[in-house]
Amino acid sequence: MEQEDHHPGDSRFFSKSGPYTVEYLVRETGAQLTAPHQDINNVEFSGIAPLQSAISTEISFLDNKRYLPLLAETKAGMVIVAPAFVDKVPTTSCALVTSNPYLAWAKVATLFYPKVKAKAGIHPTAYIHPDATIDPSAEVQAFAVVMGGVHIGKECIVGAHTVIEQGVQIGQYCRIGSHVSLSHAVLGDRVTLYSGARIGQDGFGFAVGEQGFISIPQIGKVVLKNDVEIGANSTIDRGSVRDTIIGEGSRLDNLVQIGHNVQMGRCCIVVSQAGISGSTELGDFVTIAAQAGLIGHIHIGDRARVGAQCGVMSDVEAKSDVIGSPAMPFKEFFKNVAFLRRLAKTSKGKE
Amino acid sequence: MEQEDHHPGDSRFFSKSGPYTVEYLVRETGAQLTAPHQDINNVEFSGIAPLQSAISTEISFLDNKRYLPLLAETKAGMVIVAPAFVDKVPTTSCALVTSNPYLAWAKVATLFYPKVKAKAGIHPTAYIHPDATIDPSAEVQAFAVVMGGVHIGKECIVGAHTVIEQGVQIGQYCRIGSHVSLSHAVLGDRVTLYSGARIGQDGFGFAVGEQGFISIPQIGKVVLKNDVEIGANSTIDRGSVRDTIIGEGSRLDNLVQIGHNVQMGRCCIVVSQAGISGSTELGDFVTIAAQAGLIGHIHIGDRARVGAQCGVMSDVEAKSDVIGSPAMPFKEFFKNVAFLRRLAKTSKGKE
Amino acid sequence: MEQEDHHPGDSRFFSKSGPYTVEYLVRETGAQLTAPHQDINNVEFSGIAPLQSAISTEISFLDNKRYLPLLAETKAGMVIVAPAFVDKVPTTSCALVTSNPYLAWAKVATLFYPKVKAKAGIHPTAYIHPDATIDPSAEVQAFAVVMGGVHIGKECIVGAHTVIEQGVQIGQYCRIGSHVSLSHAVLGDRVTLYSGARIGQDGFGFAVGEQGFISIPQIGKVVLKNDVEIGANSTIDRGSVRDTIIGEGSRLDNLVQIGHNVQMGRCCIVVSQAGISGSTELGDFVTIAAQAGLIGHIHIGDRARVGAQCGVMSDVEAKSDVIGSPAMPFKEFFKNVAFLRRLAKTSKGKE
């Protein structure tokens with residue numbers, strides 16, 4: 001394998017917009033400019049890059065103290081930083097100063113790399129059932145399958161090999177990756193599903209009969225509200241007798257499991273490999289960190305945060321932080337860990 | 001996104017059978033009727049719904065004490081309950097009383113929503129190798145790939161985009177979802193594979209050589225016995241020198257990992273995101289809860305239960321319950337948790 | 001379901017090479033022969049099997065003390081063993097003695113079951129963009145999608161239904177399973193991707209804006225170096241502003257999650273259902289056991305080993321072994337476990 005160039009924005013995969021003047025960037029981000037001289041407003045920037053590889057015509061950012069040593073040595077012509085770090089920006093760079101550098105970075109990066117738009121049309125290899133209605137502005141890629149009764153809205157993108165089963169409703173500006181399975185589902189606008197997501201299959205519901213397990217018909221659906229995002233290879237089961245609902249703006253990472261009847265509020269975050277068991281309810285702005293697991297039939301209050309690998313067996317109050325398995329308040333967990341460590345050490349001599 | 005109706009059985013996705021008389025429902029469930037008046041036998045019920053949304057012509061059920069407040073307010077015309085809760089059923093409803101309400105519910109729900117049957121025929125876009133034999137009553141959906149030497153039995157359904165590699169044997173009445181990869185495998189009757197399941201790929205087996213890792217040919221297969229169900233995006237590796245075997249009636253949830261050579265008995269349950277390492281053996285009726293992990297080369301006895309997030313590093317005796325990482329008896333785990341919590345509290349003052 | 005024959009190498013799925021003489025096997029493995037008589041060199045062996053089912057013309061191996069009782073009763077004509085176990089080999093077998101029996105087994109098994117080679121050609125149902133370049137010796141299976149700017153090297157195999165998005169570069173002798181999604185990626189030689197792997201989708205990166213989350217364009221790529229293997233349904237996100245890199249010879253099992261910007265060194269092992277968060281770096285020869293989770297932005301030193309279900313929240317030194325959540329040295333973890341167990345026992349009387 002030849003040496004790879006690791007500079008971002010590889011032209012084989014990305015097409016770049018710009019360049020943009022400093023004046024324009026300041027206006028778009030609403031940030032404060034700290035520059036070595038006044039004539040900078042018409043200087044143009046042509047791209048973005050990380051601190052360690054940016055050049056003088058590129059913009060970078062600092063969002064994590066851990067990378068301050070990289071800031072000291074950056075060749076970037078402009079750096080987005082929080083007020084606390086302005087004086088750490090090298091004199092060869094100008095600073096875009098804002099209380100939320102990551103948000104400003106999101107805005108700047110999107111100027112250079114705007115979202116790809118739908119290329120209207122249906123690939124000739126796709127199979128479209130005659131009773132499906134697809135907006136003419138939508139893009140349907142190779143070998144996609146769209147069954148009867150499906151509705152696909154304005155400027156949606158349906159990836160290659162995705163299967164949309166009977167009756168599924170999809171709003172506007174949705175982006176569905178490749179190899180997605182989508183059934184028994186109603187999607188709002190601007191919903192994003194990454195490759196391999198499985199939405200709407202039967203929940204894991206069965207009764208114990210005389211001769212083995214008896215499946216229970218799962219007759220709810222999945223509702224993904226506006227601006228929901230679902231990661232690659234994640235699985236969301238449809239409801240048993242009510243619906244599985246993912247609230248507006250919520251984002252699920254890769255390999256996440258959502259059981260039947262789960263109800264999730266607005267702007268929740270569920271990080272990779274976490275799992276939420278059937279009928280559990282989340283309020284708004286709840287964060288579930290990676291590999292955490294929630295038992296079924298419990299309630300997690302608004303703005304609660306569940307730590308990585310946490311095992312949650314009972315309700316969690318709004319705004320509380322829990323971690324550990326079984327879950328306990330953050331402070332208690334780390335106190336226990338320290339306590340046990342100390343005890344084990346002092347008991348050393350006795351063994 | 002418009003307001004969604006969350007009543008179950010959305011006609012865009014489901015077609016309903018019925019209505020059924022009370023007499024018929026009593027006979028089919030074998031349950032006891034408790035009704036406000038004698039003339040109820042010919043009354044008809046037209047559907048099922050959860051306690052909170054059921055109307056007077058619908059049937060509901062109670063299986064979890066947690067939902068008793070919903071029972072008190074239900075408008076359902078009939079409720080399936082255990083004997084202990086008969087007197088909690090509102091006088092506006094009649095009660096179907098049984099010691100196993102969930103099983104009765106399964107039966108009733110299946111009357112209204114029977115399993116979809118195979119629509120005989122091969123979709124014109126599917127690729128079928130000339131040496132495959134597919135029963136004429138089977139349904140093969142769009143873009144499915146069926147290779148040489150494959151046998152597919154009576155009334156099977158093969159989902160869109162599923163790939164069945166050379167030589168795979170599939171019994172009768174199997175249901176295979178979309179996007180399934182199936183190789184080196186032999187399936188019994190009534191096996192269900194959900195979307196994105198990966199069955200039969202190489203196990204994770206390699207030796208450490210002088211210049212890196214050397215793969216070991218994996219020459220076993222996967223055997224899925226009658227009535228097995230495998231969840232969405234789950235992975236089952238084929239055996240290295242013997243077979244990976246999932247016993248009759250066992251059910252695996254979504255995102256489950258089964259290593260090579262695992263041998264699972266009858267009617268085991270493996271909940272979402274659990275993983276079983278290579279060559280481990282499970283008896284019959286074993287339950288592995290969500291996110292649990294089992295090391296390789298161990299044995300789990302009949303009817304043992306492994307708790308959520310449990311890390312099992314050694315054999316587990318039949319009928320025992322273990323939890324924690326490393327695994328310990330249920331009682332010991334919760335005693336330790338309580339003990340540690342108490343100690344940490346009493347030591348508070350000292351810090 | 002009829003009784004299945006569980007002997008390895010089922011001819012419906014595998015084609016076998018051989019037979020091979022003892023002399024040839026000794027030469028190829030570099031192992032020492034211990035045989036009951038001198039005339040054995042020209043005796044031929046026709047296959048391989050586990051200790052419990054091998055017959056006199058077959059070769060088996062012992063690599064785990066746990067299976068010594070099976071060695072005592074084996075009918076195998078030849079057994080590969082470490083020097084310590086030579087005297088446990090029954091007198092009816094000859095022994096191939098080597099300090100690394102598993103490696104010798106890999107070599108012998110590969111003689112009988114060599115890797116399947118690419119069958120040059122593109123399946124007529126595949127969709128190939130006119131601007132893709134595919135080596136004529138490569139095999140592209142049914143319904144594969146290969147977009148513009150893609151390069152596929154010598155003797156690669158691209159499985160059925162795999163989607164290779166614009167610009168992806170693939171070296172020589174790569175093996176890509178079915179249903180793989182591959183985008184924004186550069187692959188070396190002899191890379192193996194199992195079915196359902198998702199490589200190159202957007203990382204989980206967003207800023208918190210006034211009205212919800214704002215996605216951050218992910219403009220890095222994924223680099224999979226020579227001899228990398230990625231398990232079924234695993235997910236590797238592309239970098240945000242730098243690349244996600246999997247080092248030469250590293251092997252990832254099924255259902256593994258790799259966040260954006262992760263940098264992994266040479267010959268690392270990541271076992272099933274483990275997850276590595278964004279921007280974390282691994283040295284060479286690092287082992288991450290099943291279901292372990294690593295927080296983002298940390299560094300794991302060369303040859304470190306992270307135990308199953310471990311939760312790693314900070315840097316791990318080279319050559320160290322950690323386990324537990326939060327991670328601690330192996331010894332400390334098991335000491336704590338033992339300590340807690342003892343304390344809980346002695347406090348029993350008081351409750």
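With a 4.5 angstrom heavy-atom cutoff, F14(B) touches chain A only via side-chain atoms. Contact of A308(B) with chain A is not made at all, since no heavy-atom distance falls under 4.5 Å. Of the two parts of L340(B), the backbone and the side chain both hold a non-hydrogen atom closer than 4.5 Å to a non-hydrogen atom of chain A. For D63(B), no part sits under 4.5 Å from any heavy atom of chain A, backbone or side chain. Interface residue F334(B): only side-chain heavy atoms are found under 4.5 Å from chain A. In this structure, chain A has no heavy atom under 4.5 Å from any part of E248(B). Within the 4.5 angstrom heavy-atom criterion, no atom of D284(B) approaches chain A. In this structure, chain A has a heavy atom under 4.5 Å from the side chain of I269(B), while its backbone stays farther away. Using a 4.5 Å cut-off between heavy atoms, Y102(B) contacts chain A through both its backbone and its side chain. For a residue to count as touching a neighbouring chain, one of its non-hydrogen atoms must lie under 4.5 Å from one of that chain's; by this rule F112(B) does not touch chain A.
To the nearest 0.5 angstrom, I245(A) atom CD1 is 3.5 Å from H6(B) atom NE2.
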Going through the checks in order, is the side chain to side chain contact (heavy atoms under 4.5 Å, CB included) test met by F143(A) and H161(B)?
CA-CA 9 Å; F143(A) 302 117; H161(B) 285 260; 4.0 Å; yes

Any chance you could lay out the side chain to side chain contact (heavy atoms under 4.5 Å, CB included) test for R198(A) and Y194(B), step after step, and finish with the verdict?
CA-CA 9 Å; R198(A) 311 291 163 206; Y194(B) 286 97; over 6 Å; no

Please test R12(B) against Q169(A) for side chain to side chain contact (heavy atoms under 4.5 Å, CB included), starting from the C-alpha separation and ending with a verdict.
CA-CA 9 Å; R12(B) 292 171 294 191; Q169(A) 308 297 307; 3.5 Å; yes

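Annotation: side chain of I214(A) is not in contact with side chain of K107(B) (no heavy-atom distance under 4.5 Å).
The backbone N or O of L255(A) sits less than 3.5 Å from a side-chain atom of Q273(B), completing a donor-acceptor pair. Side-chain atoms of D253(B) do not come within 3.5 Å of backbone N or O of F204(A) as any donor-acceptor pair. Proximity of a side-chain donor or acceptor of Q201(A) to a complementary backbone N or O of A232(B) within less than 3.5 Å is not detected. A donor-acceptor pair under 3.5 Å is absent between the side-chain atoms of N254(B) and the main chain of Q257(A), judged by distance alone.
With hydrogens and angles left out, the side-chain atoms of Q309(B) and S325(A) include a donor and acceptor closer than 3.5 Å. H179(A) and H179(B) are not linked by any side-chain donor-acceptor pair at a separation below 3.5 angstrom, with hydrogens and angles left out of the test.
Shown here are the salt bridge (Lys or Arg N to Asp or Glu O under 4.0 Å) partners of E332(A), two or more places apart in sequence or in another chain: R341(B).
Among M313(A), H297(A), Q211(A), the residue with the largest count of heavy-atom pairs under 4.5 Å with chain B is H297(A).
Because its NZ or CZ atom is both nearer than 6.0 Å to the ring centre of F206(A) and within 45° of the ring axis, R251(B) counts as a cation-pi partner of that residue.
When all heavy atoms of T110(B) and S215(A) are compared, the pair lying nearest together is OG1-O, 4.0 Å.
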